[in-house]
Amino acid sequence: MVDLAGQYRRIKDEIDQAILDTVASTAYIRGPQVAAFEQALADYLGVRHAIGVGNGTDALQLALMALDLEPGDEVIVPAFTFIATAEVVALLGLTPVMADVDADTFNLTADTIEAALTPRTRAIMPVHLFGQSCDMEPILALAEKHGLYVVEDNAQAIGAEYTFSDGTRKKTGTMGHIGCTSFFPSKNLGCYGDGGACFTDDARLAERIRVLANHGMKRRYYHDEIGINSRLDSIQAAILGVKLRYLDQYNAARRRAADRYDALFAERQDIQTPVRHPRSTHVFHQYTLKVPAARRDALLEHLRRKGIGCNVYYPVPLYRQQAFARWFEGQSLPVTEQLTREVISLPMHTELNEEVVEEIAGAVSGFLEG
Ligand SMILES: *Cc1c(COP(=O)(O)O)cnc(C)c1O
């Protein structure tokens, strides 16, 4: 589904040099590469603080830890996302509450969040799924009205931009109290191992996350609270420092491939191509179609037999995952249920050329006609 080798070849010299320099520096943990990348990332996003951490899941966990929530406090998450978003809530002894998503954008909305609110709700975790922003203006207004924290899961949308009704533009991950991202290799900004980051404008929260990510330690070997060990290592930071300079180009390449797919599917009544929200740019972490549920699994099989790497994100609503079996007995959210049956994600990466896109689209259309 992704061509990481092709992407590496184009920037091989810069990347190799960055790695070699870091190895020679021996500053493998908390080296100057990390601070430099954190600053570059904060500047790129237009946010005051960025903190590199071990991976995207840890970023989400640290964000929640920094908010001092109490056991039993409820955190609203979408039922249609990767498990990490809900997993960290459960791990911390908080209570995940699942909300439905919009059938077109696959994202939480203020309405679906409102339907999941209770007097115990303390935080909401909008996920900017597949590369575009949730409609944040009404979500932020709802959060403000009810005094809720907003932790954005930006693992799939780094570089996307949301426009408020007054014309202000903000990058995803910088609108709530804390934003989190993942640098897993296949993400839009991926490193060559595990990595993640938290961002915030709040200096107190930033400091809190830094301390929690380093064993609750401010002064060496004096531990103020129970933390974890979650660091972005210097080699990954050096790689990310190079790749961040290409992020806008990478996202533009993804958008070009998406435009081409859209055009090739435009006449088909049986395919819904990704719906682009008017308030958000789309960075196409995934290019996800909706097709008739009765044919989705056979289409997936057909494409795989042809050597086309495609996948279903996500085949099971989170509340039906075995891991959550005891938590959400009997829960059913209609849009999430429908999406898990209809979605299929096609190959999407920075190295897709026009012929390959045409071949893939031809294979999809050919199957649906047969
Ligand atoms: C990838 C991803 C994560 C987790 O990131 P890791 O770096 O793999 O821990 C969290 N949320 C979403 C929506 C993701 O896509």
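As the structure lists them, so they are numbered: ligands from 1, and atoms in each ligand from 1. Remember, it's a predicted structure, so these values are computed and weren't measured experimentally.
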So salt bridge (charged side-chain N to carboxylate O under 4.0 Å, His left out) across residues 134-148, not counting sequence neighbours, yields Glu137-Arg279
| task | Answer yes or no: is there an ion pair linking Arg268 with Glu369, defined by an N-O contact shorter than 4.0 Å? | result | yes
Are there any protein N or O atoms under 3.5 Å from the N or O atoms of ligand 1? List them with distances, or say none.
residue	atom	partner	partner atom	Å
ligand 1	5 (O)	Ser182	OG	3.3
ligand 1	7 (O)	Gly56	N	2.8
ligand 1	7 (O)	Ser182	OG	2.6
ligand 1	9 (O)	Gly56	N	3.4
ligand 1	9 (O)	Thr57	N	2.8
ligand 1	9 (O)	Thr57	OG1	2.5
ligand 1	11 (N)	Asp153	OD1	3.4
ligand 1	11 (N)	Asp153	OD2	2.7
ligand 1	15 (O)	Gln156	NE2	2.8
ligand 1	15 (O)	Lys187	NZ	2.7

side-chain hydrogen bond (donor to acceptor under 3.5 Å, both in side chains) filter on Arg341, not counting sequence neighbours, yields none
Next item on the list: Could you tell me whether the side chains of Thr336 and Asp100 share a donor-acceptor contact shorter than 3.5 Å?
Entry: yes
Assess whether atom CZ of Arg304 is packed by more than 12 heavy atoms of other residues, nucleotides or ligands within 6.0 Å. yes
Residue set satisfying side-chain hydrogen bond (donor to acceptor under 3.5 Å, both in side chains) with Thr105, at least two apart, ordered chain then number -> Asp102
